[in-house]
Amino acid sequence: MKLFKFTAAFLLMLLLGAPLAEGSSIDGLSFEDPVLEDRYRTLLESFRCPVCQNTSLAGSDAPTARDLRQRVYQMLSEGRTDTEIRDWISARYGDFVLYSPPVRGPTLVLWLGPLGLLLVACLVLWRVLGRQAKA
């Protein structure tokens with residue numbers, strides 16, 4: 001019975017503490033300009049952590065992500081544009097870190113692959129249904 005009460009109390013503390021953790025900043029970086037802060041958060045969500053795959057920079061605790069967040073903060077404070085920041089990160093870590101990679105040679109498969117698979121699936125379905133109709 002004591003274990004049940006302890007577990008219930010622990011779960012209640014976790015549930016009550018979750019909203020507090022959600023609103024807090026990972027690094028405690030703050031901006032005086034709310035527009036700059038919105039740009040910062042948008043940029044962090046648009047980059048994938050190079051270490052912990054499929055986690056954004058905003059949600060990663062990896063040291064590399066922490067360094068990149070600090071660098072993005074610094075570049076925004078220097079007055080760099082979003083494009084300049086994206087280009088810098090992409091040049092350093094490759095197109096892998098971009099959730100929306102640019103359309104060019106190496107990434108063409110990523111953009112056209114799903115369409116190609118859909119066309120192949122339609123072709124196979126058409127042939128299977130055609131054979132069934134003949135039989």
Side-chain angles (χ1 to χ4, degrees):
M1 189 66 169
K2 286 184 179 182
L3 180 63
F4 176 73
K5 287 182 181 179
F6 174 77
T7 304
F10 180 72
L11 289 174
L12 183 62
M13 286 189 318
L14 282 177
L15 288 173
L16 292 176
L20 297 175
E22 178 71 27
S24 67
S25 174
I26 253 181
D27 291 325
L29 300 173
S30 62
F31 290 92
E32 292 178 11
D33 184 9
V35 173
L36 208 57
E37 187 171 354
D38 286 343
R39 281 181 56 206
Y40 175 75
R41 294 191 187 285
T42 302
L43 279 169
L44 292 185
E45 289 296 332
S46 70
F47 297 122
R48 179 181 289 124
C49 174
V51 177
C52 19
Q53 301 178 6
N54 292 329
T55 303
S56 71
L57 283 182
S60 174
D61 288 335
T64 303
R66 195 174 314 120
D67 292 343
L68 279 171
R69 285 192 299 270
Q70 183 65 38
R71 183 68 179 136
V72 169
Y73 176 83
Q74 178 185 2
M75 292 172 92
L76 281 172
S77 298
E78 292 171 357
R80 302 271 182 100
T81 65
D82 293 357
T83 304
E84 290 175 325
I85 295 169
R86 277 191 188 93
D87 291 344
W88 182 84
I89 289 180
S90 178
R92 184 165 183 151
Y93 294 98
D95 290 334
F96 168 77
V97 297
L98 303 174
Y99 278 117
S100 295
V103 179
R104 58 177 171 222
T107 61
L108 206 54
V109 173
L110 294 173
W111 288 103
L112 297 179
L115 181 61
L117 289 174
L118 180 64
L119 289 175
V120 168
C122 288
L123 180 63
V124 168
L125 183 63
W126 179 65
R127 291 197 51 153
V128 167
L129 291 177
R131 286 184 183 173
Q132 286 180 356
K134 288 180 182 177

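As the structure is a prediction and not an experimental result, all values here were calculated from the model.
Considering every non-hydrogen atom in both Y99 and S56, the closest pair reads OH-N, 3.3 Å. Nearest heavy-atom pair across R69 and S60 is NH1-O, 2.8 Å. Of all heavy-atom pairs between R48 and N54, the closest is NE-OD1, 3.3 Å.
Using a 4.5 Å heavy-atom threshold, the side chains of L43 and R86 count as touching. Using a 4.5 Å heavy-atom cutoff, the side chains of P50 and R92 are not in contact. In this structure the side chain of V97 never reaches within 4.5 angstrom of the side chain of L68, judged on heavy atoms. Contact annotation: the side chain of R39 never approaches that of F31 to less than 4.5 Å [non-hydrogen atoms, C-beta and beyond].
Note on ring orientation: taking the six-membered ring where Trp is involved, the planes of Y40 and Y73 are perpendicular (angle over 60°, cut-offs 30° and 60°).
Distance alone, capped at 3.5 Å, places no donor-acceptor pair between the S90 side chain and the D87 backbone.
Annotation: E78, atom CD; neighbour count of heavy atoms from other residues, nucleotides and ligands within 6.0 Å is above 12.
Atom CZ of R80 is separated from atom CH2 of W88 by 9.0 Å, given to the nearest 0.5 angstrom. Summarising the geometry, atom CG belonging to L57 is positioned 10.5 Å from atom CG belonging to D67; distances are rounded to the nearest 0.5 Å. The OG atom of S46 sits 7.5 Å away from atom CD1 of I89, with the distance rounded to the nearest 0.5 Å.
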Legend entry - salt bridge (charged side-chain N to carboxylate O under 4.0 Å, His left out) assessment of E37 paired with R41: CA-CA 6 Å; E37 187 171 354; R41 294 191 187 285; 3.0 Å; yes
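Each of V72 and V51 belongs to its own hydrophobic cluster when Ile, Leu, Val, Met, Phe, Trp and Tyr are linked at side-chain heavy-atom distances under 4.5 angstrom.
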